[in-house]
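Atoms within a ligand are numbered from 1 in the order they appear, just like the ligands themselves. For the numbers below, each heavy atom of this structure counts, side chains included, while hydrogens, waters and symmetry mates do not. Just so it is clear, the structure is predicted and the values come from calculations on it, not from any experiment.
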Amino acid sequence: MTEPREPVIVWFRQDLRLSDNPALLAARDSDRPVLPVFILDLESPGAWAPGPASLWWLHHSLESLSRDLEETGARLWLGKGKADEIIPALAREVQASAVYWNRRYEPWAIARDSRLKSALKQDGVEVRSFNAGLLIEPWDISTNEGKPYRVYTPFWKSLKAKGDPRAPGPRVERLDFYGGAPESDALSDWNLLPAKPDWAGGLRETWTPGEAGAHTRLETFLDERIADYDSARNRPGIAGTSGLSAHLHHGEISPHQVWHAVKARAGGSLSKGEDSFLSEIGWREFCYNLLYHFPEFPEENYQDKFDAFPWKENEDALTAWKKGLTGYPIVDAGMRQLWETGWMHNRVRMIAGSFLVKDLMIDWRRGEDWFWHTLVDADLANNAAGWQWIAGSGADAAPFFRIFNPVSQGEKFDAQGRYVRRWVPEIAGLPDAFIHKPWEADRETLRKAGVTLGKTYPRPIVDHKQARERALEAWNEIKDAA
Ligand SMILES: Cc1cc2nc3c(=O)[nH]c(=O)nc-3n(C[C@H](O)[C@H](O)[C@H](O)COP(=O)(O)OP(=O)(O)OC[C@H]3O[C@@H](n4cnc5c(N)ncnc54)[C@H](O)[C@@H]3O)c2cc1C
């Protein structure tokens, strides 16, 4: 008679893939049966539980992961609730000898995982965690003084000086599946998809969540776009970027896979486009580095002097911003792209973010919150760093007094108005000269374009010049504080 073999639980989290998945590989190689598990834990993150757009993505990503696991001979076990309660209970029930997972870096996740680790160890269960999501662990990179980096350029130089990150691991093709787990939840019972109303049509049209979708995106980007990335990445009217952010966030592809795919195509030295693209992957690393070392970053100004900034409460203006009805076409286009597709071009995130924080003087955390709910790539590290960068309150942030002008930004980066016409169709008939400033068009031009300001499209909700002065006055009040 063969001995019953105690399984290894592989706890999937933000690593929803079968290739280059260190925890899964270690379990496969452990010579024990494997039980793959995902827990929908909406309690542990508190205010940072994933928003509706992220949950839409998660549903499809889990469907894809389940299908892929079935091809290896395994089934994904689903449970809902506090992971630090469910995992130990499950481990006891199946008499697991080990639980493996890949690390996360959000403060709430670190706290939960260390609680869980102690509980499992007390039960005599082996626990191993791995790095699957970052090129470098935040504790493995520091300045010459042994301090965390606060400025991107030296951080990136130092990361590159360490040489290529590890090569991606292979795809797991077969698993010795442990079939004795209690009944799993059904994914459909979690109701992660919107029903009434179903607002996800634009998301479905735009994205293919899952590991296969991630690799198709990367291949298409490398084949068609990376050569021009350095210049095209700032033009929202063309598909000039990779669109990989949500895939990276959910761990359907690893930065190691991206890095080595770029390097393999490049051969010897990197082109401008390749170099520039990898440096954006470097920004992602930098943001995680900040989040790890400054865990209050998503909620608190990194620079304390911003605590005294006189933010305005203005719900009407906030609503106009969210709905893409500010009267500034590039801002409105971005906010509508976000609502429709769950994604916004990086250049426009900066313009729309600046408009909220500086023109409307609304606290950056209100913008962070809206992005958190609406982005399919909503990511605690990148979102917080993006907003603090915009607000000027962050580490290595844009200085507050550099205030984006939404008209000249539009004219520079969307010169032919392609982006604005796509997302703000009610002004599409305006000539290029007015597409970023409809209020300057004469009556006849507006009439020909079918635009009635204040009716078919709003007048600007603030005058940028005055708003800029008001913001600078507020900045002058706090700028000399320690
Ligand atoms: C206010 C604001 C909020 C943001 N919120 C998020 C967020 O919640 N999640 C998120 O992934 N990114 C966020 N970003 C960063 C950036 O806008 C997106 O990563 C990028 O637009 C995603 O598109 P892409 O995959 O085509 O990027 P690409 O240009 O193809 O870049 C490749 C990858 O590099 C990383 N990256 C690129 N730019 C940045 C950046 N500035 N900071 C950190 N990582 C970067 C992303 O993982 C991205 O997928 C935010 C930026 C701003 C200004």
Student: Do Asp230 and Lys272 sit within salt-bridge range, that is, some charged N less than 4.0 Å from a carboxylate O?
Tutor: yes
Student: Can you pull out the closest protein heavy atom to atom 9 (N) of ligand 1? Residue, atom name and distance to 0.1 Å, please.
Tutor: Asp377 O, 2.8 Å
Student: Pairs of nitrogen or oxygen atoms closer than 3.5 Å, one from Trp387 and one from ligand 1: do any exist?
Tutor: no
Student: List every atom of ligand 1 that sits less than 4.0 Å from any heavy atom of Leu244, numbering the atoms from 1 in the order shown and giving each element.
Tutor: 25 (O), 49 (O)
Student: May I ask you to identify the nearest protein heavy atom to atom 12 (N) of ligand 1, giving residue, atom name and distance to one decimal place in Å?
Tutor: Asn382 CB, 3.5 Å
Student: Show the atoms of ligand 1 that are less than 4.0 angstrom away from any heavy atom in Trp343.
Tutor: 22 (C), 23 (O), 26 (O)
Student: Please identify which atoms of ligand 1 are closer than 4.0 Å to at least one heavy atom of Cys287.
Tutor: 42 (N), 43 (C)
Student: Does some non-hydrogen atom of Gly243 fall short of 4.0 Å from ligand 1?
Tutor: yes
Student: Quick one: does Phe277 get a heavy atom under 4.0 Å from ligand 1?
Tutor: yes
Student: Taking NZ, NE, NH1 and NH2 as the nitrogens, is one of them in Arg470 or Asp359 under 4.0 Å from a carboxylate oxygen of the other?
Tutor: no
Student: Are any of the N/O atoms on Ser245, whether in the backbone or the side chain, positioned under 3.5 angstrom from an N/O atom of ligand 1?
Tutor: yes
Student: Taking 4.0 angstrom as the limit, do Arg204 and Asp198 come out as a salt bridge?
Tutor: yes
Student: What residue and heavy atom of the protein are closest to atom 33 (C) of ligand 1, and at what distance?
Tutor: Ile281 CD1, 3.7 Å
Student: Against heavy atoms of Tyr229, which atoms of ligand 1 measure under 4.0 Å?
Tutor: 28 (P), 29 (O), 31 (O)
Student: Is it true that Glu313 and Arg366 make a salt bridge, defined as a side-chain N closer than 4.0 Å to a carboxylate O?
Tutor: yes
Student: Which heavy atom of the protein is the closest neighbour of atom 3 (C) of ligand 1, given with residue, atom name and distance?
Tutor: Asn383 OD1, 3.4 Å
Student: Give me the residue, atom name and distance of the protein heavy atom closest to atom 40 (C) of ligand 1.
Tutor: Trp283 CB, 4.0 Å
Student: Which residue and atom name correspond to the protein heavy atom nearest atom 30 (O) of ligand 1, and how close is it?
Tutor: Ser242 OG, 2.6 Å
Student: Looking only at protein heavy atoms, which one is nearest to atom 45 (C) of ligand 1, and what is the separation?
Tutor: Glu280 O, 3.7 Å
Student: Would you say the side-chain atoms of Asp223 and Thr220 include a donor-acceptor pair closer than 3.5 Å?
Tutor: no
Student: Under 4.0 Å between a side-chain nitrogen and a carboxylate oxygen: does that hold for Glu43 and Arg112?
Tutor: no
Student: So is His345 polar-close to ligand 1, meaning N/O to N/O under 3.5 Å?
Tutor: no
Student: Check Asp379 against ligand 1 and report side chain, backbone, both or neither, counting heavy atoms closer than 4.0 Å.
Tutor: both
Student: With the threshold set at 4.0 Å, does a side-chain nitrogen-carboxylate oxygen contact exist between Glu106 and Arg104?
Tutor: yes
Student: Which ligand 1 atoms are under 4.0 Å away from a heavy-atom of Phe371?
Tutor: 1 (C), 3 (C)
Student: Would you call Glu411-Lys437 a salt bridge at under 4.0 Å N-O?
Tutor: yes
Student: Among Glu285, Arg349, Arg233, which one puts a heavy atom closest to atom 4 (C) of ligand 1?
Tutor: Arg349
Student: Charged N to carboxylate O below 4.0 Å: is that the case for Asp113 and Arg13?
Tutor: yes
Student: Run the ring-centre check on Tyr229 versus Phe221 and record whether the distance is less than 6.0 Å.
Tutor: yes
Student: Give the atoms of ligand 1, by number and element, whose distance to some non-hydrogen atom of Arg284 is under 4.0 Å.
Tutor: 43 (C), 44 (N), 47 (O)
Student: Measure the distance from atom 15 (C) of ligand 1 to every protein heavy atom, then report the residue, atom name and distance (to 0.1 Å) of the closest one.
Tutor: Asn346 OD1, 3.9 Å
Student: Could you check whether Arg336 pairs with Glu426 (Lys NZ or Arg NE/NH1/NH2 to Asp/Glu carboxylate O, under 4.0 Å)?
Tutor: yes
Student: Side chains of Ser129 and Arg103: donor-acceptor distance under 3.5 Å anywhere?
Tutor: yes
Student: State the atoms of ligand 1, each with its element, that fall below the 4.0 Å cut-off from a heavy-atom position in Met350.
Tutor: 53 (C)
Student: Show me which atoms of ligand 1 lie under 4.0 Å from any heavy atom of Gly386.
Tutor: 1 (C), 2 (C), 52 (C)
Student: With distance as the sole criterion, is a donor-acceptor pair present between the side chains of Trp423 and Asp332 under 3.5 Å?
Tutor: no
Student: Less than 4.0 Å between a side-chain N and a carboxylate O, is that true for Lys465 and Asp463?
Tutor: no
